[in-house]
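First up is the structure itself, then whatever we jot down about it.
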Amino acid sequence: MKPQTIETASTEPPSGGPRHVAIIMDGNGRWATQRGRPRLFGHHAGAKRVREVVESCPEIGVEYLTIFAFSTENWKRTQVEVAGLMSLFRRYITKETRSLSEFGARVRFIGDRVRLDNKLVKLMTELEAATAHNTRVNLTIALNYGGRDEVARATKRLAQDVATGKLDPADVDEETLPKYLDTYVLPDPDLVIRTSGEARISNFLLWQSAYAEYEFIDTLWPDFTKEEFGRLCASYGVRDRRFGGVKK
Ligand code: IPE
Ligand code: IPE
Ligand code: MG
């Protein structure tokens with residue numbers, strides 16, 4: 001294989017950079033605690049970092065950005081934190097709709113909406129509709145998302161299609177199941193970044209990340225910048241992905 005070159009100029013997308021980057025935005029709570037502030041202070045600071053990263057995608061060459069905002073396991077937190085996060089999501093969507101639309105971001109949500117309150121779901125649906133025609137960057141927000149929950153919900157729908165005769169069990173293969181996942185319109189992530197020093201995936205994009213490259217970095221999410229994002233995407237370009245084969 002020809003060695004890949006990395007462009008250092010920020011105007012040109014690097015060749016061989018990741019097309020789809022997924023981020024586990026972790027460390028908001030610790031960031032706030034370090035400052036002697038309540039955890040929600042960290043969540044607010046974290047939400048503010050999202051715009052810069054989204055807006056840096058086109059110049060870095062990232063077409064799809066998927067961010068983990070709330071997991072199916074995060075309901076285990078205190079009522080105060082969960083309610084604060086839900087209110088932050090409502091405020092974030094209301095506040096950011098205009099800038100995301102003007103920037104040309106197409107926003108999608110993945111995760112189970114059933115447990116979310118109606119007001120929030122309405123805002124999510126409206127944001128998706130308002131940005132549906134945009135093509136500059138695809139931003140997917142995982143909200144009440146869990147990889148296992150997603151596979152379980154997908155399997156339920158697949159089983160319903162079998163029960164109603166729409167799908168023959170003999171035809172179920174690796175191409176069939178992803179069509180039932182929340183991410184059915186997205187390519188698989190090439191690079192998954194997790195901030196805050198934890199080296200685990202915490203139920204994020206389990207099926208989709210089978211061959212993703214991972215970067216676990218120490219930076220806490222509220223300190224994450226577009227410069228660091230750019231560096232991680234550039235170093236991705238020199239990795240040798242083999243997908244189970246051998247180097248050509
Ligand atoms: C990530 O930050 C944001 C959410 C999970 C909602 P955390 O809240 O997990 O921050 P730490 O890990 O406690 O520092
Ligand atoms: C993963 O972070 C979920 C999000 C970033 C939304 P957590 O902080 O919830 O994960 P664990 O508990 O450290 O595994
Ligand atoms: Mg955490």
Side-chain angles (χ1 to χ4, degrees), residues 20-54 64-96 107-117 120-121 123-124 127 139-153 181-183 186 189 191-209 212-225 228-229 232:
H20 182 178
V21 181
I23 307 184
I24 302 172
M25 308 182 293
D26 196 16
N28 294 348
R30 275 163 283 170
W31 187 90
T33 304
Q34 282 172 4
R35 286 158 181 76
R37 303 294 298 268
R39 295 178 56 83
L40 275 166
F41 180 68
H43 294 315
H44 281 267
K48 286 196 193 122
R49 299 313 308 152
V50 173
R51 191 194 288 188
E52 180 181 301
V53 176
V54 172
Y64 294 85
L65 177 72
T66 301
I67 55 175
F68 204 1
F70 190 89
S71 79
T72 46
E73 288 69 39
N74 288 147
W75 299 102
K76 293 178 195 161
R77 297 185 179 200
T78 64
Q79 204 268 331
V80 169
E81 184 168 351
V82 170
L85 280 164
M86 294 301 147
S87 139
L88 170 64
F89 297 142
R90 288 195 299 271
R91 278 172 53 183
Y92 177 84
I93 296 174
T94 312
K95 215 172 126 255
E96 294 293 316
V107 185
R108 298 179 176 91
F109 290 90
I110 54 170
D112 190 2
R113 299 181 194 200
V114 170
R115 203 172 164 184
L116 300 173
D117 79 57
L120 176 57
V121 173
L123 289 167
M124 290 159 62
L127 180 56
L139 171 65
T140 303
I141 304 175
L143 215 168
N144 194 26
Y145 174 87
R148 288 181 171 180
D149 176 70
E150 180 191 34
V151 171
R153 285 185 289 105
L181 295 174
D182 297 349
T183 51
L186 308 177
L191 173 65
V192 178
I193 297 169
R194 182 174 187 144
T195 57
S196 93
E198 310 294 351
R200 54 178 174 258
I201 57 174
S202 301
N203 208 6
F204 191 41
L205 301 175
L206 296 181
W207 171 284
Q208 300 86 339
S209 301
E213 299 289 327
Y214 282 87
E215 285 281 3
F216 297 103
I217 56 162
D218 288 336
T219 309
L220 301 175
W221 174 253
D223 292 326
F224 192 74
T225 60
E228 188 159 26
F229 184 55
L232 293 168

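Just follow the structure's listing: the first ligand is 1, and inside any ligand the first atom is 1.
Of all protein heavy atoms, the one lying nearest to atom 13 (O) of ligand 1 is Arg39 NH2, 2.9 Å. Protein heavy atom at the shortest distance from atom 8 (O) of ligand 1 is Arg77 NH1, 2.7 Å. For atom 12 (O) of ligand 2, the closest non-hydrogen atom of the protein is Arg200 NH2, 4.6 Å. Protein heavy atom nearest atom 9 (O) of ligand 2, with residue, atom name and distance: Asn74 ND2, 2.9 Å. When only non-hydrogen protein atoms are considered, atom 10 (O) of ligand 1 lies nearest to Gly29 N, 2.9 Å. Nearest to atom 14 (O) of ligand 2 among the protein's heavy atoms is Ser202 OG, 2.6 Å.
Among the atoms of Glu198, none of the N, O or S atoms falls under 2.8 Å from the Mg ion (ligand 3).
Counting heavy atoms closer than 4.0 Å to ligand 2, residue Lys76 contributes nothing at all. Of all the heavy atoms of Phe70, the ones lying under 4.0 Å from any atom of ligand 2 belong exclusively to the backbone. Contacts between Met25 and ligand 2, counted as non-hydrogen atom pairs separated by less than 4.0 Å, involve the backbone only. Neither the backbone nor the side chain of Glu73 comes within 4.0 Å of ligand 1, counting heavy atoms alone.
Remark: ligand 1 atoms within the under-4.0 Å shell around heavy atoms of Ala69 are 6 (C). Short contacts between ligand 1 and Arg30, defined as distances under 4.0 Å to a heavy atom of the residue, involve ligand atoms 11 (P), 12 (O), 14 (O).
Among heteroatoms of the N, O or S kind in Asp26, OD1 lies nearest the Mg ion (ligand 3).
If you check each of Leu143, Leu88, Asp26 against atom 7 (P) of ligand 1, the one with the closest non-hydrogen atom is Asp26.
The shortest N or O to N or O distance between Ser71 and ligand 2 is not below 3.5 Å.
Considering every non-hydrogen atom in both Val80 and Leu40, the closest pair reads O-CD1, 3.9 Å.
No side-chain heavy atom of Thr140 sits under 4.5 Å from any side-chain heavy atom of Tyr64.
The salt bridge (charged side-chain N to carboxylate O under 4.0 Å, His left out) with Glu96 is formed by just one residue from the set Arg91, Arg90, Arg51; it is Arg51.
At least one protein heavy atom sits closer than 4.0 Å to atom 2 (O) of ligand 2.
We find that Arg108 and Asp182 are not joined by a salt bridge, their nearest charged nitrogen and carboxylate oxygen being 4.0 Å or further apart.
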